[in-house]
Amino acid sequence: MDWSSQPEPFRRYHGAECVALDRELAAEDLPFDSLYGAPGVAPAALGLRALADFLRHSLAISAWKELRGSRWALRVNPSSGNLHPTECYVLGGPELFGEARVTHYNAEQHILEIRARIPARLWDGLAIPPGAFLLVISSVYWREAWKYGERAFRYCQHDAGHALAALRFSAALLGWRLRWLGEWADEVAASLAGLDQEGFAEREAPEFAAVVSAGPVIGLAPPDEEVLMQWRQMKWLGAPNRLSERYVAWPFIDEVDAATRREAPVLPTALPVPRHLHRETIGARAAVLQRRSAVAFDGRTSLTALAFQQALERTLPCAAPPWDALAVPALLHLAVFVHRVDGLERGLYMLVRAPHAIERLQRAMRAEFEWRRCTTRDDLPLYLLWRGDFRRSAAAISCEQDIAGDSAFSLGMIAEYEGPLRAVGPDLYRRLFWEAGMIGQVLYLEAEAAGVRATGIGCYFDDSMHELLGLHGRELQSLYHFTVGGPVEGRRLRTMMPYGVAAARDAK
Ligand SMILES: Cc1cc2nc3c(=O)[nH]c(=O)nc-3n(C[C@H](O)[C@H](O)[C@H](O)COP(=O)(O)O)c2cc1C
């Protein structure tokens, strides 16, 4: 890791005309359950004011931190190492921008940079329904590779999953819908956002396109070749900034990138009907804006059984935000280390996120596991596998990070791996990490609602986790770890609000 070549965390397009976005936060908050699509949020009219709000509650800077003269930004969406490889493009028509445009969201200044003015007939060729616009999400692999080398690819995918959930939650607060366009090839997303244009010193790779809509989201046919060809030939405005002086190539990342590109369209799956849970401890916008990772946990705070179960229940896929954004069958299950939850024995538990998976999990894991269904909540598919104190093991598995043992609970996300990858194709590899990131985003917000804090754990020893569970081969694979508990706050840190405005409701 070479500090002098640390990449810029912000993409800018030099010379591009900018669109200012409103910086004031809405004075009113919404009930926490609005994040999950609870009724009562009327769809906001499409326009710049609502778009500003949408981006402010998903990908914007949430605070500046300062310690001994260094200053860094934190964002609404978390990121491995706070390196933020994720970029966002907003493509809208006259209803949104007065004319059709490709814009880049510049989170540093909370503005949009105009990358292209789209001729009306070309925009019409996309057949975007009234009240809707498009997003393209991309990753600058180099931002993570600079620090983490080959692991960067995985972390970028985790971050993309966190961003997808953050965007879906933010859309829900405006009464909007948001859906991944799995029918669209990745190269379509790249072309629409101008990622295949000249001038990028460091590659920006497409992750996904999504449609956001104030009305019901309907299927969108991908643009035809003629439209795409003309799109690529548009006049592209602004020059992408160079992110570091020196760049190290990681051919392995390019190989995985190429090998995991989607070849066939993925259509949305029908998801179970959601159950609305009531949580009134905190407002929805407050939770989103104050979300932070804990850097340490106090080793004391315990969670109520209700808060623990609600947090787990929110990770179950259903036809509500954020799960309706990806709408694919759940393939990740949670191996939970319960350290401090009132009324629950310490031990290793398993949350089976898709009913079909239980037999597969039971077959693959240690024969001596109990698989005792926890009766505290009938509709929660949570099983006790092994009683005991796992604080030490959890920390050891998480690259000796105490955050996994000093919390109330921590967990490993166990993916059904080789079978689905063979059946669906290598592109599923990316989506498994997106699913992991989405689960993580739910847990971050649930932690805020429960008055505690969470932290993603990308650094863990999968072999040790597999050994603990008795896994052999590649049928199941641990893909991401997470921890939730009472945080220890760093006192010497100074926190400043972003964008130089006094917020109507201060974020912590
Ligand atoms: C995919 C991912 C992996 C992470 N891995 C770790 C980790 O192993 N250890 C840790 O202390 N924090 C980890 N974090 C937390 C990040 O360091 C944190 O999100 C980042 O510093 C930004 O801070 P914030 O979450 O408070 O906005 C991870 C976060 C993500 C999204």
Side-chain angles (χ1 to χ4, degrees), residues 6 9-10 57-67 70-86 107 137 139 141 143-145 147-148 151-167 207 287-297 332 394-407 410-413 415 430 432-448 452-462 464-465 478-485 487-490 493-498 507-508:
Q6 177 170 13
F10 297 106
H57 290 87
S58 51
L59 304 179
I61 295 176
S62 52
W64 285 93
K65 293 276 170 184
E66 199 177 272
L67 181 66
S70 4
R71 211 170 97 96
W72 64 95
L74 294 178
R75 305 202 202 173
V76 172
N77 56 316
S79 167
S80 177
N82 201 27
L83 298 169
H84 289 284
T86 312
I137 297 298
S139 290
Y141 297 142
R143 287 210 183 105
E144 292 276 338
K147 183 168 179 190
Y148 296 116
R151 277 187 284 157
F153 183 80
R154 294 203 306 263
Y155 292 164
C156 288
Q157 303 310 313
H158 282 131
D159 282 12
H162 276 284
L164 178 56
L167 288 161
E207 293 296 352
V288 163
L289 296 178
Q290 75 173 44
R291 181 213 62 80
R292 299 271 185 281
S293 295
V295 290
F297 291 94
L332 267 62
I397 287 168
S398 297
C399 300
E400 292 295 345
Q401 299 185 85
D402 291 338
I403 51 174
D406 289 342
S407 57
S410 62
L411 57 88
M413 303 186 195
R430 285 175 191 263
L432 291 176
F433 288 101
W434 298 355
E435 189 179 333
M438 293 177 79
I439 295 170
Q441 195 65 14
V442 168
L443 292 173
Y444 266 122
L445 296 183
E446 287 298 310
E448 297 297 333
V452 290
R453 202 133 261 188
T455 307
I457 302 182
C459 184
Y460 59 89
F461 299 120
D462 56 348
S464 313
M465 185 66 183
S478 172
L479 287 189
Y480 192 19
H481 282 230
F482 226 82
T483 185
V484 177
V488 178
E489 303 289 355
L493 276 178
R494 222 160 68 88
T495 305
M496 285 144 294
M497 285 302 294
K508 246 191 230 168

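Each ligand, and each atom within it, is numbered from 1 in the order the structure gives.
- Residues S139 and R430 are not in side-chain contact: their nearest non-hydrogen atoms beyond the backbone lie 4.5 Å or more apart.
- Considering every non-hydrogen atom in both E207 and A160, the closest pair reads CG-CB, 4.2 Å.
- Side-chain atoms of D159 and S79 include a donor-acceptor pair closer than 3.5 Å.
- Legend: residues meeting ring pair (Phe, Tyr, Trp, His ring centres under 6.0 Å) with Y480, ordered by chain and number and at least two apart, are H158, H162, F482.
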After noting the C-alpha distance and the side-chain angles of L411 and L443, does the key distance pass the side-chain contact (heavy atoms from CB on, under 4.5 Å) rule?
CA-CA 11 Å; L411 57 88; L443 292 173; 3.9 Å; yes
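- Protein residues with a heavy atom under 4.0 Å from ligand 1 are L74, R75, P78, S79, S80, G81, N82, H158, D159, H162, R291, R292, S293, Q401, I403, Y444, T455, G456, I457, G458, C459, Y480.
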When you look at T483 and Q401, which way does the side-chain contact (heavy atoms from CB on, under 4.5 Å) test go after all the steps?
CA-CA 11 Å; T483 185; Q401 299 185 85; over 6 Å; no
